[in-house]
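The shown structure was predicted, so the numbers you read here are calculated from the model rather than taken from an experiment.
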Amino acid sequence: MDVSQYLEIFIDETAEHIQSLSDNIMALENEPEDHDVINEIFRAAHSLKGMAGTMGFKRMQHLTHDMENVFQEVRNDKIKVNGDIIDVLFQCLDAIEGYLNIIKETSDEGTNDNEGIITALNGILNGDTAPAPKEASAPEPEAEKEALQESGFEKKFLSIPLSEDDREHLKNAEDSGKVLFGFTVYVHKDCLLKAARAFLVFKAVEEFGEILVYYPGVQDIEDEKFELEFSFFAAADEEGTEKFVTAAKAVSEIDEVVCEQLKYETLIEGHSEKEAEEDKQEISGQTAAAAVPAPVPAKEDQTKAAGGTAAKGKPVNKPVANRTVRVDIEKLDALMNQVSELIIAKNSLVSISSSDSGDGTQSQSFRDQIEYLERITTSLHESVMKARMVPIESVVAKFPRMIRDLSRKLDKKMELFMSGEDTELDRTVVDQIGDPLQHLLRNSADHGLESAELRKERGKPESGSITLKAYQEGNNVVIEVGDDGNGIDTDTVKQKAIERGLVTPEQAESLSQKEIIDFLFMPSFSMAKKITDVSGRGVGLDVVKSNIEALGGDVEVKSKLGEGSTFTVRLPLTLAIIQALLVEVHHELFAIALGSIITIEDVSVSDIKYVQAEEVINLRGNVIPLIRLNQILDIEEPEVAPESLTVVIVNKGEKQAGLVVDNLLGQQEIVIKSLGKFISNSKIISGATILGDGEIALILDVNTLM
């Protein structure tokens, strides 16, 4: 029986069961006698066992079968749940999730039998209350580096596969007088945003040379299909590895950088010898591993499969992507009805265009049908968007388990309070927001909350509070991550900024709290290994910010020393189609999202006032700063200064600003098109759209402007 056609359904349903188990095991830890929860866990383990068996995943089936046995005894009151049992159960969940990740990559469950966990489960059945087994940790980069030094770094670079094109690039570079270098970079084992760190390293290295070959490929690195290391070859004009190592190690959460100067001839000879040796092994009947070993694994057996490494000559299984969204049937019914209406409208237009009564009635009828078509397409778009929207619950549901584990690991009492989990976001945004939110929560738990002793001194409850709140605000979804911990010591941050030469002591005196806190989002602030000495925050915040901005959002911080901090993340509801106001600035067209606009005003030039040399207007008692778009966008000033200005009043949260434009061209539904990686230096422009007459209008990002 070919079960591959059911693989996507298996992946979806297994992920749901894992989340259900996680939630129920958390509940069981607080209420060990709750038989409803025990029955739910038993049913989920039983379902997983059956599904894994049907799909032929024997190791996963064995593990879930032993989990089911334990809960059978718990149901019969023969075993009492305690902390050690909960720890073992969470180890089981991690192992099942490990199998699932490998199945997504390779359509196979891998070779890890998880014997330690199975032994612990059987120990529980036999009355043994031994603690949960420790996970096999990855070899420390320093230890591996020493091993490499003994065998010679070049062997490391021989493991990087080189295609004919790769070899040609390397040879051409050396022939043109450039020096070749091989790099292997080791990422810290707790790094959450590995791809972002990798690209920061590439950017740092490209200051001195050109990268020619990546391993794994750029797309795999972007998709984080590597463990704790990645490699590449580069070419530079000068000899010397020190500048490369210094630049790459300046990126935070990078443990080690191996850089070796290479000769093309030596490298190719080494590859030829390696390939010849593997061919010889294959001919002699031995199993020859692929030319490339998988990167250093966190769990060695698992990543043998996860890396997609196949025996020589065998095809690597195609990764299985989760491409399904469960949609309420009523949403699909509405979508179908609107498609039917669209076809009717189209047929009407065809009919009108083929007949001409000659009395002028056609044009009016034609306009009526165009308006009707416009209403239907707008309604159709809204229905499609609703079908794409998913609650952020799918992302945040894993966080209570994470906070529980951090509480035990850090020996701090803490609770997570979540609200607004049913707030909906576009699926593409939801898929990418998990890591930044996880990083912010870890910051709150690890660096934000004080020790129990300090909290007691300050008169705070012994257990720290972390909050995650989501809600919709216009065309944005706002997610707030806060804590009642120490807050940010802005004086210490300011001093650190002066030490690093970011500001002079004189400039620092006039900085606002927001400007001081913004230093924490600079890459230079996350270079220090112990950024917690500054303010208890900072590690990785630069990457969190860049990831959120890549989704068209922004992040800001409010903090009070001794009382806590709140990180506010704003994200667009969708990345596809929005209602926008088209405006003109000196013959250039721009679009502003309608959800950001409060009102439009005509303001006399004589009504403009100045506060600290900045232009403001007083609008019904509110002082609102003016932003002259022609200055921001480097567009020529009008030849004749107007007596009155057209000002579009926009908001970002509670803040307001007035955008000065030349003309208003009306409201329009626009499709957002990315400008691509080649035009990514201006964050003020979030994309572009193609108008009905073929003209291009750039879309202004109000959040960044403000």
Side-chain angles (χ1 to χ4, degrees), residues 473-476 506-507 509-515 518 549 552 554 556 570 572 578-670 672 675 679 681-689 691-693 695-706:
E473 185 183 85
N475 270 2
N476 292 309
E506 294 74 26
Q507 291 170 329
E509 290 305 314
S510 61
L511 291 175
S512 66
Q513 185 191 40
K514 180 187 180 300
E515 288 170 329
D518 282 347
E549 286 179 347
D554 74 298
E556 58 183 28
R570 276 187 182 78
I578 60 168
Q579 293 285 344
L581 174 70
L582 292 178
V583 300
E584 189 177 42
V585 181
H586 198 67
H587 311 304
E588 298 281 350
L589 299 180
F590 296 95
I592 304 169
L594 216 57
S596 301
I597 299 174
I598 302 173
T599 182
I600 298 167
E601 302 285 339
D602 273 328
V603 176
S604 171
V605 172
S606 61
D607 290 338
I608 296 174
K609 310 296 181 190
Y610 289 87
V611 174
Q612 293 182 346
E614 299 291 337
E615 291 183 318
V616 300
I617 55 172
N618 188 331
L619 186 64
R620 293 180 281 279
N622 290 332
V623 177
I624 298 173
L626 287 183
I627 298 174
R628 291 192 180 258
L629 288 179
N630 61 329
Q631 294 174 5
I632 297 290
L633 299 166
D634 198 20
I635 295 172
E636 290 178 20
E637 296 267 359
E639 293 178 6
V640 180
E643 293 181 3
S644 67
L645 303 176
T646 303
V647 180
V648 180
I649 309 296
V650 294
N651 74 326
K652 170 188 174 185
E654 297 171 359
K655 300 173 188 172
Q656 296 183 3
L659 308 182
V660 180
V661 302
D662 292 347
N663 292 308
L664 304 174
L665 303 180
Q667 177 185 337
Q668 193 168 325
E669 193 172 55
I670 62 170
I672 301 173
L675 292 172
I679 312 176
N681 57 337
S682 177
K683 292 179 181 174
I684 295 170
I685 307 298
S686 61
T689 188
L691 304 177
D693 59 0
E695 284 288 310
I696 301 292
L698 298 177
I699 302 166
L700 297 175
D701 187 333
V702 169
N703 289 339
T704 306
L705 266 173
M706 292 185 65

key: Neighbour count >12 (heavy atoms, 6.0 Å) for atom CD, E643   = no
Distance col, row L659:CG vs I649:CD1, nearest 0.5 angstrom, shows 8.0 Å
Value for CD (Q667) from CG (L582), rounded to nearest 0.5 Å, stands at 9.5 Å
Q) When you check the gap from the basic side-chain N to the acidic O, do K655 and E556 get nearer than 4.0 Å? A) yes
For E515, the side chain to side chain donor-acceptor pair (under 3.5 Å) test, sequence neighbours excluded, returns S512
Residues at least two apart in sequence or cross-chain that pass side chain to side chain donor-acceptor pair (under 3.5 Å) with S510, listed by chain then number, are none
Output for pair (I684 CD1, I632 CD1), nearest 0.5 Å, gives 5.5 Å
Taken to the nearest 0.5 Å, the spacing of N651 CG from I597 CD1 works out to 10.0 Å
Rounded to the nearest 0.5 angstrom, the CG-CD1 distance for N618 and I608 is 13.0 Å
Across all chains, not counting sequence neighbours, the side chain to side chain donor-acceptor pair (under 3.5 Å) partners of D518 are K514
T646 and D662 have their tightest heavy-atom pair at OG1-O, 4.1 Å
From the list V660, L664, T599, side-chain contact (heavy atoms from CB on, under 4.5 Å) partner of V648 resolves to L664
Only residue of V623, L626, N622 satisfying side-chain contact (heavy atoms from CB on, under 4.5 Å) with I617 is L626
In short, salt bridge (Lys or Arg N to Asp or Glu O under 4.0 Å) pairs touching residues 607-620 with sequence neighbours left out are E601-R620, E615-R628
Looking only at heavy atoms, the pair that brings I696 and A688 closest together is CG2-CB, 4.1 Å
In terms of heavy-atom contacts, A657 and I627 come closest through CB-CD1, 4.0 Å
Applying side chain to side chain donor-acceptor pair (under 3.5 Å) to E584 and not counting sequence neighbours gives N663
* To do: Applying side-chain contact (heavy atoms from CB on, under 4.5 Å), run through L581 and I600 and close with a yes or a no.
  => CA-CA 11 Å; L581 174 70; I600 298 167; 3.8 Å; yes
Are V605 and L645 packed together at the side-chain level, in the sense that at least one heavy-atom pair is separated by less than 4.5 angstrom? yes
Subject >> side-chain contact (heavy atoms from CB on, under 4.5 Å) between D701 and D554, intermediate numbers included >> reply: CA-CA 10 Å; D701 187 333; D554 74 298; over 6 Å; no
From the list V650, L633, V661, side-chain contact (heavy atoms from CB on, under 4.5 Å) with L700 holds only for L633
For residues 586-595, which side-chain N or O atoms pair as donor and acceptor with protein atoms under 3.5 Å away, sequence neighbours left out?
none

